[in-house]
Number of protein chains: 2
Amino acid sequence: MIFSSKAEYGVRLMVELGRQSAEHPTSLKAIADAEGLPLAYLEQVVARLRKAGLVMSARGAHGGYWLARPATEIGMHEVVQALEGSIAPMECFIHEHTERVLCSHEPDAGQGCATKLLWTRVQGGIIRSLQMTTLAELVEFSRRAERVPTVAA
Amino acid sequence: MIFSSKAEYGVRLMVELGRQSAEHPTSLKAIADAEGLPLAYLEQVVARLRKAGLVMSARGAHGGYWLARPATEIGMHEVVQALEGSIAPMECFIHEHTERVLCSHEPDAGQGCATKLLWTRVQGGIIRSLQMTTLAELVEFSRRAERVPTVAA
DNA sequence: TCCATATCCTACCATGACGGTCGGGTTTTT
DNA sequence: AAAAACCCGACCGTCATGGTAGGATATGGA
């Protein structure tokens with residue numbers, strides 16, 4: 001049970017954007033360098049964030065990305081959802097919207113199997129803890145962690 | 001982001017054991033048939049539960065498995081932990097106990113990166129929702145779901 | 001005693017998702 | 001026109017996952 005690295009990278013990227021003023025765009029190159037992440041891969045990651053309307057972009061020289069909204073108004077559940085596709089602890093939760101593909105083991109009556117009760121709670125726990133965290137919080141945290149003396153040499 | 005099928009199968013298995021009285025052991029074969037799961041694979045799953053001390057076993061004819069404790073005293077976080085190894089939303093959380101393998105991206109100071117704040121909360125959310133659910137609850141739920149009239153034919 | 005039933009254990013395997021690269025296209029600034 | 005950057009799709013190696021195979025060991029019953 002683990003989130004993919006898309007989530008990790010994407011969150012880092014968002015934090016990095018949050019640290020910049022939203023005036024002039026930040027290039028992916030800059031972020032890739034700052035975080036030590038592969039540029040080409042970041043492109044795929046940021047594409048998801050853009051499609052989800054979380055970041056905006058400008059092409060061409062001096063182009064780049066910036067937050068579509070102030071960081072205080074961005075809940076991390078949106079970010080993770082955009083990156084991860086959907087926040088589902090079990091396969092049968094994914095198709096939720098479409099044609100009710102049920103758990104296969106689920107009795108005909110629907111919404112039956114006992115395990116679903118469990119996974120539903122887990123899903124709730126995950127989503128709640130994501131919702132209660134805003135991007136602004138993470139940005140603030142990273143700002144503070146910044147000036148920690150390492151060796152004071 | 002998804003739990004492995006080991007978790008799913010294992011939880012089903014535990015529920016099934018919870019439905020049986022803990023007197024006479026239940027064979028894996030019976031459970032595999034009841035749930036429609038591959039026997040050989042279940043063996044691997046149940047091995048983890050046994051090693052974690054959640055179920056006990058008897059070999060030989062009329063052998064099988066039973067709960068090591070009453071279902072009311074089994075928290076689902078124990079079950080999932082046994083099955084899944086550890087409940088960690090991100091790689092760098094796994095080595096926790098061993099030699100402090102840090103996030104690689106984490107600044108030298110340690111406990112630094114902003115994303116860790118997020119994943120820590122998520123982990124908390126998951127564990128809490130698992131802890132608050134006992135096996136007994138799931139067993140009870142499955143008992144009730146049992147007698148749902150499908151067509152009343 | 002011998003067979004059926006069952007747990008136990010280890011090795012093996014195929015598929016698919018994941019993390020990542022590559023090449024090229026398009027847009028914009030200088 | 002050249003550089004900087006976003007954009008897009010195809011490709012690819014590795015590794016965890018889900019599952020199988022085969023056998024060893026233990027136990028109860030005929």
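- You'll find that the side chain of B:Pro38 is closest to D:dT20, out of C:dT30, C:dT5, D:dT20.
- Note on A:Glu16 versus A:Arg12: no salt bridge recorded, every NZ/NE/NH1/NH2 to OD/OE distance being 4.0 Å or above.
- Phosphate proximity of C:dC8 to B:Tyr65: present, with a side-chain N or O under 4.0 Å from OP1 or OP2.
- For the pair B:Arg121 and A:Glu137, the salt-bridge criterion is met [side-chain N within less than 4.0 Å of a carboxylate O].
- When the P atom of D:dC6 is taken as reference, atom CG of A:Leu39 falls 7 Å away, rounded to whole Å.
- Phosphate contact (OP1/OP2 of D:dG18, side-chain N/O of B:Tyr9, threshold under 4.0 Å): absent.
- For the residue pair A:Ile2 and B:Glu91, the shortest heavy atom distance occurs at CD1-N, 3.7 Å.
- Counting to the nearest Å, the P atom of C:dA4 and the NZ atom of B:Lys29 are 15 Å from each other.
- Atom CG in B:Leu28 sits about 17 Å away from atom P in D:dT27, given to the nearest Å.
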Steps toward side-chain contact (heavy atoms from CB on, under 4.5 Å) verdict (B:Leu118, A:Phe141): CA-CA 10 Å; B:Leu118 180 65; A:Phe141 186 90; over 6 Å; no

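- Candidate nucleotides D:dA3, C:dG20, D:dT20 were compared by shortest atom distance to the side chain of B:Gln44, and D:dT20 ranks first.
- Among the heavy atoms of the strands lying under 4.0 Å from A:Ala58 are primed sugar atoms or P, OP1, OP2 only; no base atom is included.
- OP1 or OP2 of C:dC8 lies within a sub-4.0 Å distance of a side-chain N or O belonging to B:Arg50.
- Note on B:Ser5: a side-chain N or O is less than 4.0 Å away from OP1 or OP2 of D:dG18.
- One interatomic measurement links the two molecules: OH of B:Tyr41 to P of C:dT10, which rounds to 17 Å at whole-angstrom precision.
- A donor and an acceptor atom never sit less than 3.5 Å apart when one is taken from the side chain of A:Arg59 and the other from the base of C:dT28.
- At least one donor-acceptor pair closer than 3.5 Å links the side chain of A:Glu84 to the backbone N or O of A:Ser4.
- Rounded to a whole Å, the CD1 atom of A:Ile31 is 12 Å from the P atom of D:dA5.
- If you take CZ of A:Arg48 and P of C:dG19, they are 10 Å apart, rounded to a whole angstrom.
- Between the two ends of the helix from C:dT1-D:dA30 to C:dT30-D:dA1, each summarised by a five-pair axis, the helix axis turns through 0° (rounded to 10 degrees).
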Determine, stepwise, if the pair B:Ile31 / B:Leu17 fulfils side-chain contact (heavy atoms from CB on, under 4.5 Å). CA-CA 8 Å; B:Ile31 294 178; B:Leu17 288 185; 3.7 Å; yes

Worked check of side chain to side chain donor-acceptor pair (under 3.5 Å) between A:Ser86 and A:Gln81: CA-CA 5 Å; A:Ser86 76; A:Gln81 202 137 29; over 6 Å; no

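- Of the candidates D:dC8, C:dG20, D:dG29, the closest approach to any side-chain atom of A:Glu43 belongs to D:dC8.
- Computed from coordinates, the B:Trp66 CH2 to C:dA6 P distance equals 14 Å when rounded to whole Å.
- One finds no salt bridge joining B:Glu43 and B:Arg50 here, because no Lys/Arg side-chain nitrogen approaches an Asp/Glu carboxylate oxygen to under 4.0 Å.
- Per the geometry, CZ belonging to A:Phe3 stands 13 Å off P belonging to C:dC18, to the nearest Å.
- When each of A:Gly60 and A:Ala40 is assigned the nucleotide of DNA chain D with its nearest heavy atom, A:Gly60 is the one assigned upstream, toward the 5' end.
- A:Ser27 has no side-chain polar atom (N or O) that falls below the 4.0 Å cut-off from OP1 or OP2 of D:dA4.
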